[in-house]
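Both counts, for ligands and for their atoms, begin at 1 and track the order of listing. These numbers were taken from a predicted model, which means no experiment stands behind them.
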Amino acid sequence: MSPSTKASQDLFDRARKVIPGGVNSPVRAFGAVGGTPRFIAGGRGARMTDVDGAVYLDYVCSWGPLILGHAHPELLAAAKAAVDRGSTYGAPTRAEVELAEEIVGAVDGVDMVRLTNSGTEAGMSAIRVARGATGRDVVVKFAGHYHGHSDTLLVEAGSGVATFGLPDSPGVTRGATQDTVVLAWNDADAVERLFAERGGQIAVVVCEPVPANMGVVPPAPGYLELLRDLTSRAGALLLFDEVMTGFRVARGGVVDTSGVTPDLVAFGKVVGGGFPLAAFGGPADVMGHLAPEGPVYQAGTLSGNPVAVAAGLAQLRLLDAAAYDHLDALADRLIDGFGKAFADAGVAVTVPRYRSLFSVFFGASAVVDFAGSRAADHGRYARFFNGMLARGHYLPPSGYEAMFVSLAHTEEDIDATVAAAADVAQDLAG
Ligand SMILES: *Cc1c(COP(=O)(O)O)cnc(C)c1O
């Protein structure tokens, strides 16, 4: 029997009176899957506990940051030591230099980084520096890719925007998006046509090099290379939004796994160790346009916050090649297990993956773009989600979101989740 959700429901009722929708980020409200959002009391390793005392194996991992699991002792020790010295100074610190060096050392083509507080800010600021550096206005993005909630990029976005079916958000003016061109992902003809017609106006092409906010929809072979080639020839910049994939699919992100070097990279999630920290970076000649070196303004009262920096640095230092091999192996085990569970139950499902990133599309054949991701059976995903949640397995509350394993998950944890999925799959078939 599923445990009580009374304490969560009481908090949700109170929250809805004082916080819009009761949450501080829309997908947390469980709108797409129904039921009571669980209010979380704490987490340890691969598990988190809600305010009713129910324990869940966590496959959301705070939407990506917790690659070491909850409350990793070394990460917490580093954050506690930092906060014991003081929480913020509004002046530079040694650890910021070390974190910047760590990122620069890990990612090809990134010589300089600027730290921000969120992935939204990183993406927004990278777009600004790209426009400032090229002196051009047009930004090209892809339908279903999510780059945070800044005005320029909030067009046909993935993640919560897709979950709630909001193609365009009220409050974002036509002026803010008139220079944003949206193309279908993996459509080579469309991007070639656009460059043939308007190449000289394009400041930057931004993409999630492995999109994971419309489910996981990897690039077709040669597609990232095509974007690199077209932007280079037109004097435009290429921005990889690796807020999700950076330090997740490999230490060097998709820049490393694809061998395609963009001009700008945005980081977030894993890089901040579970604290509000993100970054964007690129070669010195591009990043040098930023103030105070150059004229492109970007700033932040809490940017490079010492506690967040300490946590991020501790996390990145623990992520070696063996860590990624282990994550990939855990994902293999889970994906194989899910595949077998659904096949045995006769439930049609596709599980697209890239390294340890994966998602589940019901009733869909291979998905190559946002239209395909929307065509999946999201109602069935909601039933799957709720069946798993009732059995103590916390999956993303939307079929548009990726699932995450952490280094704290064990093979036994994965096997327990596969067994639950086999059980739920029988219900879905019936
Ligand atoms: C999460 C995410 C963002 C936004 O980051 P926030 O920290 O939520 O502002 C941007 N881009 C991608 C690819 C993301 O996954």
Side-chain angles (χ1 to χ4, degrees), residues 23-29 60-67 107 113-128 130 139 141-164 169 180 182 185 204-219 224 238-249 253-255 258 262 264-281 298 300 302-305 308 311-312 315 354-359 370 373 396-398 400-404:
V23 291
N24 283 309
S25 198
V27 184
R28 296 179 197 170
V60 177
C61 296
S62 193
W63 306 92
L66 302 183
I67 198 166
V107 186
V113 290
R114 169 74 45 95
L115 303 183
T116 66
N117 301 290
S118 70
T120 295
E121 271 183 83
M124 174 185 87
S125 305
I127 295 288
R128 185 177 304 143
V139 171
K141 80 173 286 284
F142 297 92
H145 292 219
Y146 183 65
H147 305 297
H149 61 93
S150 73
D151 286 3
T152 311
L153 298 173
L154 200 58
V155 196
E156 289 196 50
S159 192
V161 191
T163 301
F164 292 96
S169 170
T180 306
V182 183
W185 180 238
V204 60
V205 172
V206 53
C207 66
E208 293 182 63
V210 174
N213 283 287
M214 52 171 164
V216 175
V217 186
L224 295 178
L238 179 62
L239 163 57
F240 277 5
D241 179 348
E242 296 225 47
V243 170
M244 184 81 90
T245 50
F247 296 97
R248 160 65 58 180
V249 299
V254 182
V255 173
S258 69
L264 285 160
V265 185
F267 303 94
K269 300 197 167 107
V270 172
V271 84
F275 285 78
L277 185 151
F280 64 103
Q298 193 280 336
L302 294 176
S303 292
N305 173 265
Q315 174 142 288
Y354 189 91
R355 305 286 170 125
S356 69
L357 266 183
F358 66 99
S359 64
F370 194 28
S373 141
S398 161
Y400 290 103
E401 304 289 351
M403 296 185 192
F404 297 100

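- Residues Val254 and Tyr354 form a side-chain contact, since some pair of their non-hydrogen atoms from C-beta on lies under 4.5 Å apart.
- Each of the following atoms of ligand 1 lies closer than 4.0 Å to a heavy atom of Ser118: 7 (O), 9 (O).
- Of the N or O atoms in Gly119, one or more lie within a sub-3.5 Å distance of an N or O in ligand 1.
- Formation of a donor-acceptor pair under 3.5 Å by the Gln315 side chain with backbone atoms of Pro65 is found in this model.
- Under a 3.5 Å cut-off, the side chain of Glu242 and the backbone N or O of Pro209 do not form any donor-acceptor pair.
- The ligand atoms of ligand 1 that sit less than 4.0 angstrom from a heavy atom of Asp241 are 10 (C), 11 (N), 12 (C), 13 (C).
- For Asn213, every heavy-atom contact with ligand 1 shorter than 4.0 Å involves the side chain, none the backbone.
- Considering only heavy atoms from C-beta on, Trp63 comes within 4.5 Å of Val27 through its side chain.
- Note that CD of Glu156 is 11.0 Å distant from CE of Met214, once rounded to the nearest 0.5 Å.
- Of the protein's heavy atoms, Tyr146 O, 3.3 Å lies nearest to atom 12 (C) of ligand 1.
- Side-chain polar atoms of Gln298 and Arg128 form no donor-acceptor pair below 3.5 angstrom.
- Counting only non-hydrogen atoms, the option in Glu121, Lys269, Arg248, Glu401 that gets closest to atom 1 (C) of ligand 1 is Lys269.
- Every N/O-N/O distance between Glu208 and ligand 1 stays at or above 3.5 Å.
- For ligand 1, none of its N or O atoms has an N or O atom of His147 under 3.5 Å away.
- Ligand 1 does not have Glu242 within reach: every non-hydrogen atom of the residue lies 4.0 Å or more from it.
- Per-atom contact check: atom 8 (O) of ligand 1 does not touch the protein, criterion being a heavy-atom distance below 4.0 Å.
- Listed for the Ser359 side chain is a donor-acceptor partner under 3.5 Å among the backbone atoms of Val216.
- Under the ring pair (Phe, Tyr, Trp, His ring centres under 6.0 Å) criterion, Phe142 pairs with His145, Trp185, sequence neighbours left out.
- Here the heavy atom of the protein found nearest to atom 3 (C) of ligand 1 is Val243 CG1, 3.7 Å.
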